[in-house]
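Both backbone and side-chain heavy atoms feed into the values below; hydrogens, waters and symmetry mates do not. Order of the sequence lines sets the chain letters (A, B, ...), proteins ahead of strands, with each chain counted from 1.
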Amino acid sequence: MSDSRKPFPFDEFEPKWQARWDSEKTFRTPNPGEDGFDASKPKYYVLDMFPYPSGAGLHVGHPEGYTATDIVGRYKRMKGFNVLHPMGYDSFGLPAEQYAIKTGQHPAITTAANIETFRRQLKSLGFGYDWDREIATTDPKYVRWTQWIFLEIYNSYFCEETNTARPVSVLETKGWSRDEIDNVRLAFVADTPVWWSPDLGTVLANEEVEEWKGKGHTVERRPLRQWMLRITKYAQRLIDELDMLDWPEGIKLLQKNWIGRSEGAEVVFEISGCGLPPQSVADASRVGVKRKVTVFTTRPDTLFGATYMVLAPEHPFVPGITTAEQKEAVEAYQKAISSKSDLDRGDLNKDKSGVFTGAFAINPVNGEEIPIWIADYVMMGYGTGAIMAVPAHDERDFEFAEKFALPVLQVVQPTNDADWKGYTEHGIAVNSGFLDGLPTAEAKAKMIDWLESNGQGKRRIQFKLRDWLFSRQRYWGEPFPIVWKDGKHQAIPDSELPLLAPPLDDYKPSGSPEPILSKARGWVELPDGSVRETNTMPQWAGSCWYYLRYCDPSNSDRFISKEAEAYWSSNTQSSINDTQCGMVDLYVGGTEHAVLHLLYARFWHKVLFDLGHVRTPEPFQKLVNQGLIMGEDGQKMSKSRGNVVNPDDVVSAYGADSLRLYEMFMGPLEQVKPWQMKGVEGVSRFLARVWRLAVTEEGSVSPKIQDAPCADKELLRVVSETIKKVGEDIEKLSFNTAISQMMICTNAFTQAGTVPLAEFVGFLKALNPFAPHITEEIHFRIGGQGLVSEMEWPTYDESALIRTECELVVQVNGKLRDRIWMAMDASEDAAKELAFASPKINEHIDGKMIRKVIYVPGKILNLVAN
RNA sequence: GGCGGCUUGGCGGAAUGGUAGACGCGCUCGACUCAAAAUCGAGUUCCAAAAGAGUGUGGGUUCGAGUCCCACAGCCGCUACCA
């Protein structure tokens with residue numbers, strides 16, 4: 001498109017207004033105590049998920065959420081709020097480092113260049129961020145406080161009595177020993193089997209494994225010494241406190257399922273001596289095997305139906321209990337399982353496999369001996385790594401029992417006519433001694449009582465959630481502020497923060513699990529003989545608290561000042577309910593962070609809450625997930641499909657306002673929707689129509705603009721309705737319908753012939769949050785003073801909305817038969833009279849009795865006749 | 001397998017239980033133009049049309065259902081032997 005073809009000169013005025021907002025700091029938000037702070041205004045905190053600054057630049061998904069929050073932020077400013085609307089960069093992490101390795105440049109350089117690109121692109125879209133609050137997680141001034149928060153976590157334990165974190169100093173005063181304290185810290189070191197990726201040179205959290213494997217990296221299971229965060233202590237609170245949040249129910253459920261609470265019981269089985277030859281009993285005692293195995297079950301009511309037991313192949317008791325005859329088979333099986341990649345264990349698991357250990361366990365409830373097997377369908381990582389198998393009422397156990405010809409014993413009677421074999425629902429207990437006749441729920445309770453009073457088990461709540469594997473072996477992350485002395489870890493003094501990674505020539509993966517920082521001997525080895533921790537933190541660390549730092553981004557004394565924390569946590573009425581538990585009023589971002597980022601950030605926030613550093617129990621009050629934007633072919637955008645749309649191209653062809661408006665007009669924010677370049681043209685045409693209302697082809701003020709009271713009642717009504725609806729729709733985040741109303745309003749202006757100035761300016765204000773540049777420019781060209789962005793939200797006269805006449809729909813037996821113009825407040829009798837006068841109505845009620853009349857004034861008259 | 005979401009014209013999508021298809025795209029016709037583009041105006045669910053039919057399918061509640069309830073199907077996500 002050549003310049004002369006552009007319907008309005010966005011390429012000239014968009015950069016002009018961006019420069020003006022920038023130089024005048026139009027969107028600067030002062031903190032309490034700073035110049036220009038107005039304490040009488042309520043606060044509104046609207047947050048975007050900050051981008052990871054990749055080399056590829058922004059994609060069209062970014063401006064979707066960012067435009068939505070920008071509209072809300074600009075609108076709330078106009079409505080008289082102190083709006084906190086910041087932006088920053090999640091600039092640590094594995095992708096940055098991989099990119100640096102590929103290009104041979106230091107990650108600090110590539111990261112800075114990428115941030116530069118992102119900043120330019122964000123500014124070119126005219127977002128009203130307070131750029132004075134811009135942060136990057138890699139900034140040493142930011143790292144300093146990430147490390148400080150880590151030390152707060154490190155120096156805390158979880159107090160079971162209060163159900164909160166407390167400083168470990170509490171334990172010191174109680175006389176706890178150093179080792180005892182280290183065992184309960186919220187950040188702790190453990191030797192644990194982890195996912196190690198040789199070509200990435202780092203371990204990965206369980207939840208990251210799939211992502212990187214998908215990108216072609218290899219991953220293997222290894223036991224390694226790692227830092228962990230005790231997030232499991234917060235499992236119950238992380239579930240319960242979801243109730244206070246205005247989040248989509250689907251996301252809440254996703255988190256609940258991830259945390260995976262299940263109620264059940266531990267049952268203790270003794271290992272029977274009968275199956276054990278003397279030498280293996282001796283083996284057992286030598287390796288410290290207790291002669292009891294504990295299983296976890298959610299169905300203690302089925303204990304009478306347990307016909308065998310299964311241990312995970314890695315279960316530590318396995319070597320001790322295996323009989324001499326079975327030893328070879330068991331070891332072969334264990335070896336086969338450990339060499340299997342998890343892919344095999346996952347995808348190719350159609351067939352159950354397992355081996356008999358030769359040992360037996362005694363069912364505590366009836367004294368029966370049942371065989372102990374090992375099988376890979378039992379995981380070491382969940383429950384106790386051992387199960388009682390009840391094949392009659394568990395699908396997996398049933399499949400296994402069928403394959404290995406193990407007995408299947410019914411203990412639950414279905415309540416419907418289903419076959420009892422493989423019946424896993426609740427029913428009535430049978431063949432179960434003292435439980436017989438009880439429904440499942442009661443049977444569970446009675447069995448747990450029995451187990452507890454006989455010392456054979458106890459009630460237990462089990463979570464799927466594992467402690468958070470928090471260390472990485474990479475270069476591009478925050479080093480741990482920890483040194484090791486005499487085999488024990490300790491925090492470095494606060495005065496040494498931030499602890500930055502040493503410069504390295506080579507940060508490529510070595511193929512060994514030794515962290516990359518250990519290569520920097522001069523950094524690692526300290527004069528007093530202690531050595532630095534060489535692991536680094538995962539990318540999540542920076543994104544766990546960035547929303548707090550925005551509140552007070554340049555504070556060098558605290559991660560956030562008490563005053564800033566108090567003000568930005570203060571209660572404003574959210575649009576959904578009146579109580580506020582989260583600091584951020586509105587948080588918009590993609591579903592890909594539904595579990596991990598949002599769970600980790602909630603966890604850190606709760607620790608900070610417990611320690612008295614923040615006053616809200618939750619970080620994010622209202623969460624909205626924007627839907628994915630698909631390619632024009634309806635497929636996910638990807639380079640390989642060649643359907644990627646670059647926002648820069650759209651901006652240069654149609655302007656930033658058109659891109660913003662189009663992304664909001666595509667459909668509901670939360671919905672998945674395909675890109676259509678024709679649609680961008682459509683909204684661009686709409687903006688051109690608005691432009692031509694006020695500006696002639698020569699660029700002067702259109703003569704249609706008349707600075708006189710609006711005499712056109714209908715036009716006045718449309719403008720008033722538009723201002724009303726746009727405001728309401730922004731509150732509901734229903735941007736597509738707000739835009740369609742503004743299109744209706746523009747069409748009304750166009751048809752009206754003259755455009756009354758006051759109404760037109762009101763309209764410009766309503767359009768401003770969506771299309772800030774063109775509205776500023778038009779306002780300027782028609783002689784307006786000041787910035788539209790700094791004006792108050794337009795008002796309208798309620799009386800202008802009132803209609804006196806309406807088109808009443810007349811139905812006969814629910815079918816539309818006629819429409820009648822009549823007074824809005826007409827009585828039912830008057831409406832009926834008009835209806836009976838209609839030939840179309842008479843045609844349908846002729847010769848019939850009117851049985852019932854439904855009249856909704858202004859809407860509908862339904863005659864029920866037969 | 002489990003959980004969640006979605007299903008409305010040729011397309012993107014509108015519809016507090018009350019005129020289905022707002023608004024936009026596309027298309028058709030007209031105006032302007034030597035012509036085209038742009039722009040402006042009219043039309044556009046289906047059927048030639050009256051009648052009628054019509055919101056994935058089948059049932060139900062209701063004076064009235066795209067909307068509420070039950071069952072089913074298809075598509076898209078996430079998750080996966082969690083005992």
Checklist entry - Can you find a side chain N or O atom of A:Q671 that sits less than 4.0 Å from OP1 or OP2 on B:rG12? => result no

Checklist entry - A:F735 CZ to B:rG13 P: how many Å, rounded? => result 17 Å

Checklist entry - With rounding to whole Å, what would you report as the distance between B:rG64 and B:rG74 at their P atoms? => result 32 Å

Checklist entry - Which part of the nucleic acid, if any, lies within reach of A:R460 when heavy atoms closer than 4.0 Å are counted: base, sugar-phosphate only, or nothing? => result nothing

Next on the checklist: What's the closest nucleotide to the side chain of A:Y377 if the choices are B:rC81, B:rC78, B:rG18?
Outcome noted: B:rC81

Checklist entry - In dot-bracket form, how is RNA chain B paired, counting a Watson-Crick or G-U wobble pair only if both its distances are under 3.5 Å and using | for bases paired to another strand? => result (((((((..(((.....[....)))((((((.......))))))((.....))..(((((..]....))))))))))))....

Checklist entry - Is the NZ or CZ atom of A:K832 both under 6.0 Å from the centre of the six-membered ring of A:Y855 and within 45° of that ring's axis? => result no

Item to check | Rounded distance in Å - CZ (A:F686) to P (B:rU39) | outcome: 15 Å

Item to check | Electrostatic pair A:E728:A:K724 at N-O distance under 4.0 angstrom | outcome: yes

Checklist entry - Roughly how far apart, to the nearest Å, are B:rU44 and B:rA38 at atom P? => result 23 Å

Next on the checklist: Within a 6.0 Å radius of atom NZ on A:K403, are there more than 12 heavy atoms belonging to other residues, nucleotides or ligands?
Outcome noted: yes

Item to check | ring-ring contact (aromatic ring centres under 6.0 Å, His included) contacts in which one or both residues fall within residues 717-752 of chain A, not counting sequence neighbours | outcome: A:F749-A:F760, A:F749-A:F763

Next on the checklist: Check A:E249 with A:K252, please: is the shortest side-chain N to carboxylate O separation under 4.0 Å?
Outcome noted: yes

Checklist entry - Quantified in whole Å, what is the C1' atom distance between nucleotide B:rC75 and nucleotide B:rG26? => result 25 Å

Next on the checklist: Holding to side-chain contact (heavy atoms from CB on, under 4.5 Å), I want the full list of residues that pass it with A:Y382, two or more places apart in sequence or in another chain.
Outcome noted: A:S262, A:F296, A:Q462, A:K464, A:R466

Next on the checklist: For a quick check, with a 4.0 angstrom heavy-atom cut-off, what is the B/S/- contact string for nucleotides 59-68 of chain B, read 5' to 3'?
Outcome noted: ----B-----

Checklist outcome for this item: Those residues at least two apart in sequence (or on a different chain) that pass side-chain contact (heavy atoms from CB on, under 4.5 Å) with A:V695 are A:W691, A:R781

Checklist entry - What distance do A:R261 atom CZ and A:L465 atom CG have between them, rounded to the nearest 0.5 Å? => result 13.5 Å

Next on the checklist: Rounded to whole Å, please give me the gap between CD in A:E399 and C1' in B:rA83.
Outcome noted: 14 Å

Checklist entry - Does the pair A:E714/A:R717 count as a salt bridge with the N-to-O cut at 4.0 Å? => result yes

Next on the checklist: In whole Å, measure the gap between the P atoms of B:rC46 and B:rU28 for me.
Outcome noted: 15 Å

Checklist entry - How long is the line joining NZ of A:K464 and P of B:rA80, in whole Å? => result 8 Å

Item to check | C1' gap between B:rC78 and B:rC72, integer Å | outcome: 23 Å

Checklist entry - Where the side chain of A:K859 is concerned, which of B:rA83, B:rG18, B:rG4 is the nearest nucleotide? => result B:rG18

Next on the checklist: Nearest to the A:N257 side chain among B:rC78, B:rC3, B:rG13, which nucleotide is it?
Outcome noted: B:rC3

Checklist entry - Taking CE from A:M380 and C1' from B:rA83, how many angstroms apart are they, rounded to a whole number? => result 13 Å

Next on the checklist: Suppose you measure atom C1' in B:rA65 against the same atom in B:rU55; what distance do you get, rounded to whole Å?
Outcome noted: 11 Å

Item to check | Integer-rounded Å distance: B:rC81 C1' and A:D397 CG | outcome: 10 Å

Item to check | Chi class for B:rG9: syn within 90° of 0, otherwise anti | outcome: syn

Expected rows: protein N/O vs nucleotides 21-31 of chain B N/O, under 3.5 Å:
residue, atom, partner, partner atom, Å
B:rG24, OP1, A:N747, ND2, 3.3
B:rC25, OP1, A:R685, NE, 3.0
B:rC25, OP1, A:R685, NH2, 3.0
B:rG26, OP2, A:R685, NH2, 3.1

Checklist entry - In whole angstroms, how far is the P atom of B:rA83 from the OH atom of A:Y308? => result 16 Å

Next on the checklist: Taking the ring of A:F404 and the ring of A:Y308, is the distance between their centroids below 6.0 Å?
Outcome noted: no

Next on the checklist: Classify A:R851 by what it touches in the nucleic acid, base, sugar-phosphate, or nothing, heavy-atom distance under 4.0 Å.
Outcome noted: nothing

Checklist entry - A:D633 CG to B:rG12 P: how many Å, rounded? => result 13 Å

Checklist entry - Between B:rA49 and B:rC63, how far is it from one P atom to the other, in whole Å? => result 36 Å

Checklist entry - What nucleic acid atoms does A:E697 come within less than 4.0 Å of, heavy atoms only: base, sugar-phosphate, or nothing? => result nothing

Checklist entry - Looking across every strand, which nucleic acid part, if any, lies under 4.0 Å from A:E807 by heavy atom: base, sugar-phosphate, or nothing? => result base

Item to check | Spacing of the C1' atoms in B:rA53 and B:rC3 (rounded, Å) | outcome: 38 Å

Next on the checklist: Students often get this wrong, so: under 4.0 angstrom with heavy atoms, is A:S262 touching a base, only sugar-phosphate, or nothing?
Outcome noted: sugar-phosphate

